[in-house]
Amino acid sequence: MNPKSAAATILVIEDNVYVRSLLADVFEMEGYGVLQAGQGAEALAIMEDRQVDVILTDLRMPVMDGLTLATAVRADARYRHIPIVLLSATPLTDSRATLKLFSAFLWKPSPLEEIIHTVRQVQLDASGNPDIGKPAA
């Protein structure tokens with residue numbers, strides 16, 4: 001079996017192309033399949049055609065921000081099971097709403113190890129599979 005075919009797929013949504021590219025490279029090295037979007041509407045279009053196991057999103061983006069994206073994902077029965085990690089430098093005004101929409105929240109800048117650990121943890125919490133997010137052998 002091809003190890004890449006068994007890898008979890010992460011959708012990285014970030015309007016800063018350099019940050020998005022860095023995160024994509026890091027998760028590819030960790031064994032993930034990586035999809036990328038520059039804002040929420042683009043991410044939703046990608047999700048129409050591709051299976052996504054976890055979402056890592058920024059908050060402030062043009063066209064559709066991370067909060068609007070998370071609201072749309074949670075409202076759609078096809079996607080509501082997907083864990084969403086918010087990675088943002090912007091404080092949120094309603095933390096209760098955030099807790100309902102996002103599986104985890106990280107402040108920018110966060111160490112890459114913390115981002116990787118958090119993504120793996122929300123996948124584990126969502127699936128119960130202890131091998132989630134581990135690189136394929």
**Study point:** Leu112 with Val85, same ILVMFWY side-chain cluster at under 4.5 Å
**Key:** yes

Check your understanding: Distance-only, no hydrogens or angles: does the Ser103 side chain make a donor-acceptor pair with backbone N or O of Ile84 under 3.5 Å?
Key -> yes

Check your understanding: With side chains defined as the heavy atoms from C-beta onward, is the minimum distance between Leu87 and Ile115 less than 4.5 Å?
Key -> yes

Exercise for review: Working to the nearest 0.5 Å, report the span between NZ of Lys108 and CG of Leu86.
Suggested key: 9.0 Å

Exercise for review: Evaluate side chain to side chain contact (heavy atoms under 4.5 Å, CB included) for Leu35 paired with Arg50, printing each intermediate quantity in order.
Suggested key: CA-CA 9 Å; Leu35 302 171; Arg50 303 289 300 271; 3.4 Å; yes

Check your understanding: Tell me, do Tyr79 and Ile55 make a side-chain contact under 4.5 Å, heavy atoms counted?
Key -> no

Check your understanding: Do Tyr32 and Gln123 have side chains that get closer than 4.5 Å, going by heavy atoms?
Key -> yes

Study note, to complete from the structure: For Val52 and Ile82 the tightest heavy-atom approach is O-CD1, 3.5 Å

Review point. Does the Thr118 side chain pair with the main chain of Glu114, one donor and one acceptor, at a distance under 3.5 Å?
Key: yes

**Study point:** CG on Asp58 to CD1 on Ile13, rounded to 0.5 Å
**Key:** 9.5 Å

Review point. Would a 4.5 Å heavy-atom cut-off, applied to side chains only, mark Arg120 and Val54 as touching?
Key: no

Distance-only criterion, 3.5 Å: show the donor-acceptor pairs between side-chain atoms of residues 18-25 and protein atoms not counting sequence neighbours.
| from | atom 1 | to | atom 2 | distance (Å) |
| --- | --- | --- | --- | --- |
| Arg20 | NE | Gln36 | OE1 | 3.4 |
| Arg20 | NH1 | Glu14 | O | 2.6 |

Check your understanding: Side chains of Leu11 and Leu56: does their closest heavy-atom pair fall under 4.5 Å?
Key -> no

Point to revise | salt bridge (Lys or Arg N to Asp or Glu O under 4.0 Å) partners of Arg80, counting only residues at least two apart | key: none

Review point. Under 4.5 Å between any side-chain heavy atoms of Thr57 and Phe102, yes or no?
Key: yes

Review point. Once you round to the nearest 0.5 Å, how far does CD of Glu42 lie from CE of Met47?
Key: 13.0 Å

Practice item. Verify, without hydrogens or angle tests, whether Gln121 (side chain) and His117 (backbone) share a donor-acceptor contact under 3.5 angstrom. Key: no

**Study point:** Considering all heavy atoms, the nearest Ala7-Gly33 contact
**Key:** CB-N, 4.1 Å

Practice item. Output all residues satisfying side chain to side chain contact (heavy atoms under 4.5 Å, CB included) with Gln51, sequence neighbours left out; order by chain, then residue number. Key: Asp53

Practice item. Could you walk me through whether Thr9 and Val34 pass the side chain to side chain contact (heavy atoms under 4.5 Å, CB included) test, one step at a time? Key: CA-CA 6 Å; Thr9 299; Val34 178; over 6 Å; no

Review point. What is the minimum heavy-atom distance between Leu69 and Gly40, and which atoms define it?
Key: CD1-O, 3.7 Å

Check your understanding: Any side-chain heavy atom of Arg74 sitting closer than 4.5 Å to one from His81?
Key -> no

Check your understanding: After noting the C-alpha distance and the side-chain angles of Arg78 and Glu48, does the key distance pass the side chain to side chain contact (heavy atoms under 4.5 Å, CB included) rule?
Key -> CA-CA 9 Å; Arg78 297 172 297 170; Glu48 288 287 328; 3.1 Å; yes

Study note, to complete from the structure: Smallest heavy-atom separation, Val119 atom then Val122 atom, equals O-CG2, 3.3 Å

Exercise for review: Establish whether Trp107 and Leu101 are linked, either directly or via other cluster members, by ILVMFWY side-chain heavy-atom contacts under 4.5 Å.
Suggested key: yes

